[in-house]
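Since this is a predicted model, take the numbers as computed values, not measurements. Proteins come first, then strands; the chains are lettered A, B, ... in the order of their sequence lines, and each starts at number 1.
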2 protein chains.
Amino acid sequence: MSSPRITLDRSSPVPLYFQVAEQLERAIVSGEIGAGERLENEITMAQDLGLSRPTMRQAIQVLVDKGMLVRRRGVGTQVVHGQVRRQVELTSLFDDLAAAGQHPRTTVLEQLLVPADEQVSEQLQVGLGEPVWSLRRLRFIAGGEPLAVMHNYLPSSIVDLGDVDLEAQGLYSYLRDAGFVIRVARQSIGARGVRPVEARLLREDVDAPLLTMQRTAYDNLGRAVEFGRHAYRPGLYSFDVTLVDR
Amino acid sequence: MSSPRITLDRSSPVPLYFQVAEQLERAIVSGEIGAGERLENEITMAQDLGLSRPTMRQAIQVLVDKGMLVRRRGVGTQVVHGQVRRQVELTSLFDDLAAAGQHPRTTVLEQLLVPADEQVSEQLQVGLGEPVWSLRRLRFIAGGEPLAVMHNYLPSSIVDLGDVDLEAQGLYSYLRDAGFVIRVARQSIGARGVRPVEARLLREDVDAPLLTMQRTAYDNLGRAVEFGRHAYRPGLYSFDVTLVDR
DNA sequence: GACGTCAAGATGTCCTGACAAATGCTTGAC
DNA sequence: GTCAAGCATTTGTCAGGACATCTTGACGTC
């Protein structure tokens, strides 16, 4: 039975349930609340913090959705065993690496308008053959080792990539600055053998396996904003996913 | 502005918010509510159904978490564009395929107790060298084509696999029957070249790429119940994931 | 015509209160 | 001694209300 010290700032614009969730999460990853340990019950925690029970429940729900807590009716709420793995988030690879302390370098191979092929047309909801931005980039990790070839398509009707320097910042970072709020992304992860062009770019053997990812991202208007086909060197990258049953 | 007809059964044990979510989802996948279309506002929908606003919100939230709806404050709730892809769920491959109308066949290659190696010991939270169930299976799709080699480890202290026939039913299906409630799973998806043993089992060339997945599953007590290392033939399988920003 | 203000409409947050359902422990009957 | 009934505990569901905040469009002013 554990009850970490939590402080609330009611004058802050940060929602109360989020303040609680943040501090609870810190207490879990720091080990202040050990794996398998049980939390104080919702009603008591709410009273201790001067919160209502729904607000307390909302805070706990955030961490349940992250796979860090499990609830059982009639029993209580417990911390899940096992080290917490960082979740795949809705950022591009660039932001991912930068956040991890790496200093990724990017080379833009192609940045121009091309007619949409069948798959692009379907994923981005634009007419077949209509112009879409085609962005091909090669990404390196610190040390100069090539990590991935990335090929993105963006509808020219809502994005203008004409003057954007995408060697200096990640695509998702640019899209955020341009006012797009990415809310949903559908990814498909697979594998295949490397192609000759990729082998040269990634400095891999001709028979090397590659990890592939296709992604379509949608903004808060429900529009498809970006579709990408990417290939990663499997020794240097993998996708971590947490599934939660609800 | 769309408002599909929804019927409620207040005598049913199924929660009201879930009844609403289910019928809304059906209306979206069936196309009754088109992509990009806006929903009636929460308050009106709640009144029409004789529900409180929190219950209506909870129903909508279910579909937001599934990536089917997006909300914008001050504006409303919209259906996301793009075909809805079936989400990866917390079931084993067997259940996945069976649900998809396939008739998977399974061969058990190994089902015995082995001492836990370092990774298994760490993932399952058991002592190094302690006995754990080792389950190696080969899975075929309809037509007899091999699809994947699967290697699972289960702690012998909480599961007994001694007399279980895992050619007839999937592992997760058995675990459910045995009273385990799997709530959280952490997966890591990668790729590598095929190994000689696998190449023979999967009828692949010696240089073929494989899609790999490692998974640790936890039950509603927070215990690690299963750890697995699996390899799939990439032409026949891929992982679909939907990411939602909250 | 450009800009700022205001109001309407929608979701976001937070509160109080109540009952239902599952779990685990205790108690009592046999 | 064993099993079943009952009780306390805890999360799950639902209601109804209040105010905050963001977005959009209308209106008016400069």
Side-chain angles (χ1 to χ4, degrees), chain A residues 1-3 6 8-22 24 37-65 69-79 179-181 183 219-222 244-246, chain B residues 1-3 6 8-22 37-65 69-79 179-181 183 219-222 245-246:
Chain A
M1 202 76 95
S2 187
S3 49
I6 291 176
L8 294 179
D9 177 4
R10 296 193 93 98
S11 70
S12 160
V14 178
L16 295 173
Y17 79 89
F18 196 81
Q19 293 184 36
V20 176
E22 265 188 322
L24 265 182
E37 205 165 339
R38 247 186 63 194
L39 254 54
E40 191 56 77
N41 73 65
E42 298 174 352
I43 298 180
T44 308
M45 289 184 80
Q47 278 175 353
D48 290 351
L49 293 171
L51 292 173
S52 69
R53 190 180 157 217
T55 302
M56 194 62 224
R57 270 183 74 77
Q58 197 175 359
I60 293 174
Q61 189 61 46
V62 172
L63 301 185
V64 171
D65 288 342
L69 296 177
V70 287
R71 298 204 252 217
R72 269 194 309 159
R73 182 190 299 205
V75 179
T77 305
Q78 274 180 314
V79 178
F180 292 96
V181 182
R183 273 290 157 73
D219 69 359
N220 61 356
L221 280 110
V244 179
D245 190 25
R246 327 201 340 144
Chain B
M1 203 76 97
S2 188
S3 48
I6 290 176
L8 293 179
D9 177 4
R10 294 192 98 97
S11 69
S12 160
V14 178
L16 294 173
Y17 78 89
F18 196 81
Q19 294 183 35
V20 176
E22 264 189 323
E37 205 164 338
R38 248 185 63 197
L39 254 54
E40 190 57 77
N41 74 66
E42 298 174 353
I43 299 179
T44 307
M45 289 183 79
Q47 279 175 352
D48 289 352
L49 292 172
L51 293 173
S52 69
R53 190 179 159 215
T55 302
M56 193 64 224
R57 270 182 74 75
Q58 197 176 358
I60 293 174
Q61 188 62 44
V62 171
L63 301 185
V64 171
D65 289 341
L69 296 177
V70 286
R71 297 206 251 220
R72 271 193 308 157
R73 182 193 295 209
V75 179
T77 306
Q78 273 181 310
V79 178
F180 291 96
V181 181
R183 272 292 156 72
D219 69 359
N220 61 354
L221 281 108
D245 189 25
R246 324 199 342 142

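- A:Glu42 is linked by a side chain to side chain donor-acceptor pair (under 3.5 Å) to A:Arg53, A:Arg57, A:Arg71, counting only residues two or more places apart in sequence or in another chain.
- Closest approach of A:Leu39 and A:Val79 over heavy atoms only: CD1-CG2, 4.4 Å.
- Qualifying side chain to side chain donor-acceptor pair (under 3.5 Å) partners for B:Thr77, counting only residues two or more places apart in sequence or in other chains: none.
- Atoms CE and CD1, on B:Met45 and B:Ile6 in that order, are 5.0 Å from each other to the nearest 0.5 Å.
- Screening residues 12-22 of chain B for side chain to side chain donor-acceptor pair (under 3.5 Å), with sequence neighbours left out, gives no hits.
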Protein-to-nucleotide contact annotation, 5' to 3' order, nucleotides 10-18 of chain D [B base; S sugar-phosphate only; - none; under 4.0 Å, heavy atom]: BBBBSBB-B

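- Nearest heavy atoms, A:Val244 versus A:Asp65: CG2-O, 3.4 Å.
- When DNA chain C is scanned 5' to 3' for any atom under 4.0 Å from a heavy atom of chain B, the first and last hits are C:dG9 to C:dT13.
- For the side-chain contact (heavy atoms from CB on, under 4.5 Å) test, residues two or more places apart in sequence or in another chain that qualify with A:Asp219 are A:Phe180, A:Leu221, A:Arg223, A:Val225.
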